[in-house]
Amino acid sequence: MAYFENINQIKFEGPTSNNPFSFKYYNPEEQVNGQSMQDLLRFSVAYWHTFTADGSDPFGAGTMQRSWNHLNGMDLAKARVEASFEFFEKLNAPYFCFHDVDVAPEADTLSETNKNLDIIVDLIKENLKSSKTKLLWNTANMFTHPRYVHGAATSNNADVFAYAAAKVKKGLEVAKELGSENYVFWGGREGYETLLNTNMKLEQDNLARFFHMAVDYAKEIGYDGQFLIEPKPKEPTKHQYDFDVATGLAFLQKYNLQDYFKFNIEANHATLAGHTFEHELRVARINGMLGSVDANQGDTLLGWDTDEFPTDLYSTTLAMYEILKNGGLGKGGLNFDAKVRRGSFEADDLFHSHIAGMDAFAIGLKVANRLLEDKVLEDFIDNRYASFTKGIGLEIIEGKTDFKKLEEYALGLAPIKNQSGRQERLKAIVNQYLIETLTKVTV
Ligand code: XUL
Ligand code: CO
């Protein structure tokens with residue numbers, strides 16, 4: 001059965017095409033810096049937003065019109081799998097991601113839940129065989145069920161810790177079975193609401209114990225995917241322990257986990273932490289910890305996680321700049337952890353939104369690549385720090401000086417001169433590159 005009957009294969013038709021169901025800028029085969037766009041961008045569809053979510057919000061019922069809406073239970077779960085592979089093929093999506101509960105319903109007991117999951121995992125495996133699409137990452141949802149009310153690995157209740165461990169154990173087995181390239185930990189409930197009832201040290205120590213057990217179990221079963229932590233400062237929990245990349249990195253280093261994990265960076269989570277997307281990517285990159293990306297965007301007028309499809313070209317450009325500087329994403333990808341608005345309830349909107357996001361990142365890739373080819377920012381930055389390549393600066397870098405020698409040097413200085421940071425000029429140059437790149441691909 002076709003779930004998206006009126007949609008044909010989405011192809012690259014270029015920016016002059018009037019066909020809304022075509023890529024205007026994302027040309028999978030096109031080479032950028034010696035690699036195809038498809039291989040550089042590694043797009044992924046988020047199962048939960050695209051096939052599971054119904055558009056409900058705290059104030060209203062679901063709105064999404066889907067051809068599987070009449071089904072229930074395991075029939076619904078199976079239909080969604082079939083629909084998803086039709087969608088991946090029509091969109092030419094190389095990857096997808098899911099939480100356990102997105103694909104299979106939770107039952108009354110853990111063993112029944114696992115049985116449901118096994119049936120669906122078999123079906124996914126069968127579909128993967130004849131599909132070009134692969135699994136970028138899977139994860140266990142340890143935030144929706146009421147048992148996680150006080151956390152999962154950071155719960156005060158040891159039974160919940162054990163239950164969460166069983167969930168991740170199963171998740172790792174599924175990851176191995178389906179050849180998942182990564183396994184994600186997003187700690188939605190791993191944090192606290194009030195310090196008045198919280199043993200923060202025990203909770204954080206337990207979280208680290210949990211991660212070490214996950215690392216050990218992956219080794220034991222021979223799962224060699226990349227482990228990823230997805231930082232987020234808040235929502236649903238008031239204060240999450242993996243607040244941002246810097247906080248997450250300190251945690252990993254403190255507990256000797258830094259060699260086993262990288263970060264999955266989500267744009268909207270960066271915004272909530274008071275950072276830009278590119279800030280989080282930069283912190284991860286310069287520490288060798290950039291693993292994967294949840295590609296979406298927030299709304300600066302709203303203080304919560306709106307998970308919009310990324311369409312801001314300035315942001316996709318600066319993100320792709322960091323990703324190219326990182327030498328790509330390795331096993332990671334650009335996962336659209338993004339949902340169509342509640343008012344965009346037609347199935348066609350699922351295609352429009354992914355096409356918009358894929359085109360926005362394709363443009364970002366091209367602009368970033370040109371900026372890098374011309375070394376626009378590199379040359380400026382090198383020049384800005386030139387004082388550290390000679391004289392006293394070089395001595396500081398090479399560890400050949402100390403406070404006494406520096407005081408002696410400072411006492412002999414004439415009035416210090418600084419150079420302009422040229423922020424506005426640099427922004428204008430980025431705009432120029434954006435517009436020139438768009439003009440080039442249009443003519
Ligand atoms: C929530 C979020 C999650 C993770 C996976 O904000 O981003 O969907 O990506 O659990
Ligand atoms: Co996410």
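As the structure lists them, so they are numbered: ligands from 1, and atoms in each ligand from 1. Predicted model, so just to flag it, every value in this text is computed and none were measured.
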Checklist entry - Can E235 be said to touch ligand 1, with heavy atoms closer than 4.0 Å? => result no

Checklist entry - In terms of atom number and element, which parts of ligand 1 are under 4.0 angstrom from non-hydrogen atoms of D294? => result 9 (O)

Checklist entry - Which ligand 1 atoms are under 4.0 Å away from a heavy-atom of H99? => result 5 (C), 8 (O), 10 (O)

Checklist entry - What class does the angle between the rings of Y192 and Y241 fall in, given that below 30° is parallel, 30 to 60° is tilted and above 60° is perpendicular? => result tilted

Next on the checklist: Any nitrogen or oxygen of W186 lying under 3.5 Å from a nitrogen or oxygen in ligand 1? Just yes or no.
Outcome noted: no

Item to check | Polar proximity ligand 1 side, E266 side, N/O cut 3.5 Å exclusive | outcome: yes

Checklist entry - Taking the N/O/S atoms of D337 one by one, which is nearest to the Co ion (ligand 2)? => result OD2

Checklist entry - Any idea how W68 and F51 line up, ring-wise: parallel (<30°), tilted (30 to 60°), or perpendicular (>60°)? => result tilted

Item to check | Check: N116 side chain, T113 main-chain N or O, donor-acceptor pair, under 3.5 Å | outcome: no

Checklist entry - Of all N/O/S atoms in E266, which lies nearest to the Co ion (ligand 2)? => result OE1

Item to check | Under 2.8 Å: N/O/S of D307 next to the Co ion (ligand 2) | outcome: no

Checklist entry - What part of D305, side chain from CB on, backbone N/CA/C/O, both or neither, has a heavy atom under 4.0 Å from ligand 1? => result side chain

Checklist entry - Are side-chain N/O atoms of H99 and D102 paired as donor and acceptor at under 3.5 Å? => result yes

Item to check | From CA spacing to verdict: side-chain contact (heavy atoms from CB on, under 4.5 Å), F4, L350 | outcome: CA-CA 10 Å; F4 302 99; L350 295 176; 4.2 Å; yes

Checklist entry - Does D337 have a heavy atom less than 4.0 Å from any atom of ligand 1? => result yes

Next on the checklist: Using 30° and 60° as the class boundaries, would you call the ring planes of F336 and F43 parallel, tilted or perpendicular?
Outcome noted: parallel

Next on the checklist: Can you see whether Y47 has R80 sitting over its ring - NZ or CZ less than 6.0 Å from the centre and within 45° of the normal?
Outcome noted: no

Item to check | F161 and F210 aromatic ring geometry - parallel, tilted or perpendicular at 30°/60° bounds | outcome: perpendicular

Next on the checklist: Among the N/O/S atoms of E230, which is closest to the Co ion (ligand 2)? Give the atom name.
Outcome noted: OE2

Item to check | Donor-acceptor under 3.5 Å (T271 side chain, G298 main chain) | outcome: no

Checklist outcome for this item: Looking only at protein heavy atoms, what sits closest to atom 9 (O) of ligand 1 is E230 OE1, 2.7 Å

Item to check | Proximal atoms of ligand 1 relative to W48 (non-hydrogen, under 4.0 Å) | outcome: 8 (O)

Checklist entry - Of all N, O or S atoms in D294, which has the smallest distance to the Co ion (ligand 2)? => result OD2

